Each structure stands twice: as C-alpha cells, then as structure tokens.
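Data block below; observations after.
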Amino acid sequence: MSERRPHPSDLSDARWELIQPVLAAWRFERRGRALDFGRPPVHDLREIMDAILYVDRTGVQWRLPHDFPPWETVYGYFAKWQKDGVFAQLNGLLRELVRQQEGRNATPSACVLDAQSVKTSTSVPASSQGTDAGKKIVGRKRSIVTDTIGLLLAVLVTAASVQDSVAGTQLLDQAAADHPGIRKVWVDGGYRKHFVDHAATLGIDLEVTARTPGTRGFTPIPKRWAVERTYGWLMLHRRLARDYETLPARSEAMIHLAMTDLMARRLTGEATVSWRDPTPPEQIRIAG
C-alpha cells in the first residue's frame, strides 16, 4: 500500500516523540497480560492516534476515511485508552513539561474553575442529559479546572441540569487529590456558599470573581479569563462543538485529547492549523 497523504491533524515527528513512550508502554504492558504475547500488533500506534486526532479535530463520525485503519479498530483503541486513563496520563505529562518550559513549578498552587453547557447529538442517551435552565440548553455540562495559564488539571462531564456547585465539589476534590499543593481557586458567582465552605475544608482559599457592575461588552474578568480562554482553545477541535459521545467518560477523554494536542504543539513550537487555510498540508511550514 502506498503511503497516504498527511492530514493537517496528523502528528509531526516531534509531537509523536512526546507521546510515543506512553503509548508504547501501554501496549507492552497489555501484551504482557495477553495469551498471544508472541504475535506482533497489526496496526501502528501512530496511525491509530492520528485517526483519533482526526475525529477530535474535524468532528467527523467514527466511520473514518479509508486511508486510516478500520474505524472499528480505531474506536476500540480509543475506548481502551479512555478506560485505562491513557489520555489523562498524557495530559498530565505534557502539562508538567509546558509549565516547566514556561519557567513555572511542575505542579500548580492555584487554579480556576468554570462550567460550560453544550448541546448533545441524537446519539447521546437521554439519561445522561439535562436542561440548564439559566442558559436554556438541553445537553451536558463540562466542568473544568485549569491552572493559571489555562492548562487542564481536571474535567468532569455531567448532565446540564447538575448545579455548578455540585459538579464543582466533585471536581475540586479530584484536583486537590491530584495536586495537593493547590491553595487558591477562582470561580464565578454561580457557585454557592456550601461550595465555598467545602473548599475551606480542603485548605483551599476560594475567591469569587465577577464583572464590574455597569460594564458592557466583552471584558476579560481577572483570573477567570484563563479558563474562558481554555474553552476557546478546546473549540478548535470540532468534535467538542457539541457532545457526540455516548458515555460522559468518553467526552472527558475527547477533552483530554484536545488539550494533549494543544500542549504538544506548544512544546514543539507548531501552530494549530486553521481548517480554512487553503495551504495543502504537505506545504505547511512548522515554526520552531
């Protein structure tokens, strides 16, 4: 078979070097537990990851173009990597590298928390959806915690009807367990007093940031602008414009994957290609 033409979402050699050790270790450990250890894998891990990134980046359905491995195989790897925490592991590894590149400690001491309600597709079970009465959206809610430069620390996908403070409590518990050095968190006014009290029990100072009264138009809100920008970064991946995943855990995996892609590009100095860019992928020059 002739080598396929690259897609804009494909991993460069530099980005593949960043994530290859994690995927190779996963495959080695899994084969070590299998009965057919001597049989070599059929599909290349890089081709599998390129196919998953293609779905995340373009928003297409899982029935992929024929130049990728069979879609059933690609989705099978995606499901296994989600279940085994591979996407979360990649996100944590690259986040530490980016923070160190930015001259910061590998682990954060402060974070920002926010929630976003999104519509869902017809494939999403009604039992995992709800209505956000304030935003008049039927679908799911993505609650995320980022550090102060917008890198993802934790994500939780729930029905849109779940109150911000309820989801925030679970998410802050996870962030505090994974990053015990966190001592400060900024949120908006939608989080209730019991959430403030819960943060205090974790030894975290919670501060509510809000728009200045009388302000009109778009105005960045101090501290909280970082998490709002992260949502903007995530929207570069069309699969996240709406929630298409049957399971909330798979939605969380898509968010981890998008952030992994963004951080890998940041580490290697590669720009995220616009889908409106008419330049053929093979002619694109990567900075750095």
Side-chain angles (χ1 to χ4, degrees), residues 19 22-23 25-27 29-30 45 48-49 51-57 59-64 71-95 113-132 137-146 151-164 166-179 227 230-231 233-235 237-263:
I19 68 175
V22 173
L23 301 185
W26 174 87
R27 171 171 274 179
E29 191 275 336
R30 189 175 182 85
L45 288 173
I48 296 292
M49 180 57 83
I52 297 173
L53 282 171
Y54 184 84
V55 172
D56 200 29
R57 192 72 172 82
V60 300
Q61 59 184 346
W62 280 104
R63 282 174 171 75
L64 292 154
W71 75 267
E72 299 94 338
T73 299
V74 173
Y75 185 78
Y77 271 86
F78 171 73
K80 292 171 186 174
W81 286 344
Q82 174 267 309
K83 184 177 180 180
D84 292 346
V86 172
F87 296 116
Q89 182 182 356
L90 285 170
N91 186 81
L93 171 66
L94 298 190
R95 182 185 60 247
L113 196 153
D114 200 11
Q116 175 195 58
S117 293
V118 294
K119 296 180 179 179
T120 48
S121 73
T122 55
S123 62
V124 174
S127 59
S128 67
Q129 301 183 57
T131 302
D132 184 332
I137 291 178
V138 177
R140 284 178 175 161
K141 180 173 291 185
R142 299 167 179 160
S143 299
I144 64 173
V145 178
T146 73
L151 304 181
L152 187 69
L153 301 180
V155 56
L156 177 67
V157 175
T158 63
S161 54
V162 174
Q163 211 280 326
D164 288 357
V166 175
T169 297
Q170 182 176 341
L171 197 59
L172 194 61
D173 285 343
Q174 179 184 339
D178 295 341
H179 311 280
V227 71
T230 300
Y231 280 123
W233 288 341
L234 293 174
M235 289 304 108
H237 297 75
R238 288 182 175 179
R239 187 78 179 186
L240 300 181
R242 184 183 289 262
D243 196 328
Y244 294 93
E245 315 311 322
T246 302
L247 303 176
R250 302 278 163 82
S251 298
E252 295 167 5
M254 279 294 180
I255 294 172
H256 277 129
L257 178 64
M259 284 301 302
T260 295
D261 183 36
L262 291 163
M263 289 187 292

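Residue numbers start at 1 and run along the sequence shown. Note that the structure is a prediction, hence the values are computed from the model and not measured. Scope of the values below: all heavy atoms of this structure, side chains included, with no hydrogens, waters or symmetry mates.
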Q) What do the steps show when you test His237 against Asp261 for side chain to side chain contact (heavy atoms under 4.5 Å, CB included), and what is the final call? A) CA-CA 10 Å; His237 297 75; Asp261 183 36; 3.0 Å; yes

**Q.** Option passing side-chain hydrogen bond (donor to acceptor under 3.5 Å, both in side chains) with Ser117 (candidates Asp164, Asp132, Thr131)
**A.** Asp132

(Q) Set out, in order, the CA-CA distance, both residues' side-chain angles and the distance that settles side chain to side chain contact (heavy atoms under 4.5 Å, CB included) for Asp84 and Arg30, then state yes or no. (A) CA-CA 10 Å; Asp84 292 346; Arg30 189 175 182 85; 3.8 Å; yes

Q) Gln82 versus Glu245: any side-chain heavy-atom pair under 4.5 Å? A) no

Q. What distance do Asn91 atom CG and Thr260 atom OG1 have between them, rounded to the nearest 0.5 Å?
A. 4.5 Å

Q.
In the structure I gave you, are the side-chain heavy atoms of Gln174 and Leu156 within less than 4.5 Å of one another anywhere?
A. no

**Q.** Nearest-0.5 Å distance that lies between atom CD1 in Ile137 and atom CD in Gln116
**A.** 8.0 Å

Q) Are Arg27 and Tyr77 close enough that a side-chain donor and a side-chain acceptor fall under 3.5 Å? A) yes

(Q) Contact between Leu153 and Asp178 at the side-chain level, heavy atoms closer than 4.5 Å - yes or no? (A) no

Q) Could you go step by step and tell me if His256 and Leu90 meet the side chain to side chain contact (heavy atoms under 4.5 Å, CB included) rule? A) CA-CA 8 Å; His256 277 129; Leu90 285 170; over 6 Å; no

Q.
Donor-acceptor pair, distance only, cut-off 3.5 Å: does the side chain of Tyr244 make one with the backbone of Val124?
A. no

Q: With rounding to the nearest 0.5 Å, note down the distance linking CD in Gln163 to OG1 in Thr169.
A: 9.0 Å

Q | Residue pair Ala253 / Phe87: nearest heavy atoms and the distance that separates them | A | CB-CD1, 3.8 Å

Q. Would you say the side chain of Met235 lies within less than 4.5 Å of the side chain of Leu240, judging by non-hydrogen atoms?
A. yes

Q. Do Arg140 and Ser251 have a side chain donor and acceptor closer than 3.5 Å?
A. yes

Q: Enter the distance from Met254:CE to Met259:CE here, rounded to the nearest 0.5 Å.
A: 16.0 Å

Q) Taking atom CH2 of Trp81 and atom CD1 of Ile52, what is their separation to the nearest 0.5 Å? A) 4.5 Å

Q. Got Val138 and Lys119 here, is their nearest side-chain heavy-atom distance under 4.5 Å?
A. no

Q: Indicate the atoms forming the closest heavy-atom contact of Ser128 with Thr246, along with that distance.
A: OG-O, 4.3 Å

Q: Measure across Ser161 and Gly130 and return the closest heavy-atom pair with its distance rounded to 0.1 Å.
A: OG-CA, 3.7 Å

Q | Working for side chain to side chain contact (heavy atoms under 4.5 Å, CB included), residues Arg250 and Tyr75 | A | CA-CA 11 Å; Arg250 302 278 163 82; Tyr75 185 78; 2.7 Å; yes

Q. If you take all heavy atoms of Glu252 and Val157, which pair is closest and at what distance?
A. OE2-N, 3.0 Å

Q) Hey, are the side chains of Val118 and Arg142 touching, using non-hydrogen atoms and a 4.5 Å cut-off? A) yes

Q) Salt bridge check: are Asp56 and Arg238 linked by an N-O gap of less than 4.0 Å? A) no

(Q) Could you check whether any side-chain heavy atom of Trp26 comes within less than 4.5 Å of a side-chain heavy atom of Lys80, counting everything from C-beta outward? (A) yes

Q: Measure from the side-chain N and O atoms of Lys141 to the backbone N and O of Ala115, and report whether any donor-acceptor pair falls under 3.5 Å.
A: no

Q. Looking only at side chains, do Tyr54 and Arg239 share a donor and an acceptor under 3.5 Å apart?
A. no

(Q) Between Leu113 and Val227, is there a side-chain heavy-atom distance shorter than 4.5 Å? (A) no

**Q.** Straight-line distance of Leu234 CG to Ile144 CD1, nearest 0.5 Å
**A.** 6.0 Å

